[in-house]
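To keep things clear, I will list the structure first and then write my remarks on it.
In what follows, every chain begins at residue 1, and chains take the letters A, B, ... in the order their sequences are listed.
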There are 2 protein chains.
Amino acid sequence: MKRFWSNIALYGLSLGLLLVSLQFFRYKWIFVRNQTEWYAGAVALVFCIAGIWLGTHWKQQRFKTLPVESNPIQPPSKILEQLGITPREFEVLQLIAQGHSNQEIADQLYVSLNTIKTHISNLFSKLDADRRTQAIKKAKTLGLIP
Amino acid sequence: MKRFWSNIALYGLSLGLLLVSLQFFRYKWIFVRNQTEWYAGAVALVFCIAGIWLGTHWKQQRFKTLPVESNPIQPPSKILEQLGITPREFEVLQLIAQGHSNQEIADQLYVSLNTIKTHISNLFSKLDADRRTQAIKKAKTLGLIP
DNA sequence: ATGTAAATCACCCGAAAGGATGAGCCCAAA
DNA sequence: TTTGGGCTCATCCTTTCGGGTGATTTACAT
């Protein structure tokens, strides 16, 4: 966390310096025609570049702090309850993670393919996923499946 | 390549819209005191946000290799060699395991959707998998991915 | 120089997956 | 007894996946 706040401070300082220098240039160009346009253009340019810089570095920061994984191991049933995932849905989720197709899951659970589709659809909305691979990933990071 | 150019167009369009709206606000606030300061502030804010967005989305081409998140540890390259999985294929495999769609992978790696499909097809035959979820499962049990 | 492997891209086609919606059944709690 | 949640199944439709085949370019080694 130290690096995070020091970086924030650094960003703030840099932006402040930028503002000061912009003010300086503004008063220097006060007699130039179309001063406002030029001023706005300069501001736009500088802040666009600053934004890009911020964007890239901020992103790296995010990625670096991501793998920390301070995941207090919760009993899966609690997380399941929180997410509103029913036992049957969890069963299907596990079979998905094992690499089974919908038809295989349906055969294994002795229900129809449509039922499996419904379960999976509900699972996706509860896990906030669009694909089964995404659901697997999310369930894994949540500790629902190994 | 289609998506690349459409993204370019999208960026251009967005920036154009921003410029137009900025002009609009400028003429709306023309009677406000300190108009230049407010205008410059708005420009700075908007372009800073635009820059951040650009930085996070657009700049990914820098990382031809994957971001830190995906390969924190060096996987056993021996198994990869044994299975004949090429670096590029392994890269795709990791993105699959992260839950991305083929189109998303293509966008991230700056290649076409067809290329990703080919990689995945080869990957499946090398991993003896029929589905991407199965490939994930097998890669995981092989220790190729966490 | 020539063969080989990797990476790239394309097209076609069928199968699987996913979204939206409606509906019936069962059981337990209010 | 009504109500709601869980489970089941269906239909229609769109998108994504996956298989198959062939081609080009680059780089590297023979």
Side-chain angles (χ1 to χ4, degrees), chain A residues 76-77 79-139 144, chain B residues 1-7 60-61 63-66 77 79-139 144:
Chain A
S77 56
I79 309 177
L80 289 177
E81 216 173 313
Q82 271 182 266
L83 296 175
I85 295 179
T86 69
R88 198 58 158 171
E89 284 164 0
F90 183 58
E91 214 171 344
V92 173
L93 173 60
Q94 290 175 102
L95 289 173
I96 288 180
Q98 310 250 323
H100 294 293
S101 71
N102 288 351
Q103 187 61 64
E104 287 172 356
I105 298 174
D107 292 344
Q108 206 157 330
L109 298 184
Y110 292 99
V111 295
S112 96
L113 176 60
N114 289 304
T115 304
I116 297 303
K117 281 182 166 190
T118 306
H119 285 321
I120 292 181
S121 191
N122 293 330
L123 259 177
F124 285 174
S125 66
K126 286 169 186 174
L127 280 173
D128 191 30
D130 298 321
R131 284 171 287 286
R132 43 179 56 213
T133 52
Q134 216 174 45
I136 295 174
K137 163 87 174 173
K138 293 210 174 188
L144 295 179
Chain B
M1 257 326 172
K2 264 176 251 163
R3 284 193 70 88
F4 177 75
W5 288 110
S6 70
N7 273 334
Q60 292 182 357
Q61 58 181 332
F63 317 108
K64 257 314 197 181
T65 55
L66 283 185
S77 49
I79 308 178
L80 290 177
E81 219 172 308
Q82 270 182 270
L83 296 175
I85 295 178
T86 70
R88 198 58 157 171
E89 283 163 2
F90 182 60
E91 218 170 344
V92 173
L93 174 60
Q94 289 175 101
L95 288 172
I96 288 180
Q98 310 253 322
H100 295 292
S101 72
N102 289 350
Q103 186 62 66
E104 287 173 356
I105 298 174
D107 290 346
Q108 282 196 37
L109 299 185
Y110 287 92
V111 296
S112 95
L113 175 60
N114 290 305
T115 305
I116 297 303
K117 282 181 164 190
T118 306
H119 285 320
I120 292 181
S121 191
N122 294 330
L123 211 41
F124 284 174
S125 65
K126 286 168 186 174
L127 280 174
D128 191 30
D130 298 322
R131 285 169 287 285
R132 44 178 56 213
T133 51
Q134 219 174 43
I136 294 174
K137 166 86 174 173
K138 292 210 173 187
L144 294 179

Worksheet item: What integer distance in Å separates A/Asn114:CG from D/dC9:P?
Response: 8 Å
Worksheet item: Does B/Lys126 use its side chain to pair, donor to acceptor, with the backbone of B/Ile85 at less than 3.5 Å?
Response: no
Worksheet item: To the nearest angstrom, how far is B/Leu113 atom CG from C/dC12 atom P?
Response: 15 Å
Worksheet entry | Side-chain N or O of A/Thr118 closer than 4.0 Å to phosphate OP1/OP2 of D/dC7 | no
Worksheet item: At what distance, to the nearest 0.5 angstrom, does CG of A/Leu83 lie from NZ of A/Lys138?
Response: 10.5 Å
Discussion item. Give the residues of residues 124-138 of chain B touching DNA chain D, defined as any heavy atom closer than 4.0 Å, sorted by residue number.
Written reply: B/Phe124, B/Asp130, B/Arg131, B/Arg132
Discussion item. Rounding to an integer number of Å, can you tell me how far A/Ile120 CD1 sits from D/dC7 P?
Written reply: 14 Å
Item to complete: Would you jot down, in residue-number order, the residues of residues 100-110 of chain A having a non-hydrogen atom under 4.0 Å from DNA chain C?
Response: A/Ser101, A/Asn102
Worksheet item: Rounded to the nearest Å, what distance is computed from the NZ atom of residue A/Lys117 to the P atom of nucleotide D/dT16?
Response: 15 Å
Worksheet entry | Closest to the A/Val111 side chain, choosing from D/dC9, C/dA7, D/dC7 | D/dC9
Discussion item. Between C1' on C/dA7 and CD1 on B/Ile85, what's the gap in Å once rounded to a whole number?
Written reply: 16 Å
Worksheet item: Rounded to whole angstrom units, what separation is found between the NE2 atom of B/His119 and the P atom of C/dT8?
Response: 4 Å
Worksheet item: Through what angle, rounded to 10 degrees, does the axis of the helix from C/dA1-D/dT30 to C/dA30-D/dT1 turn between its ends, using five pairs per end?
Response: 40°
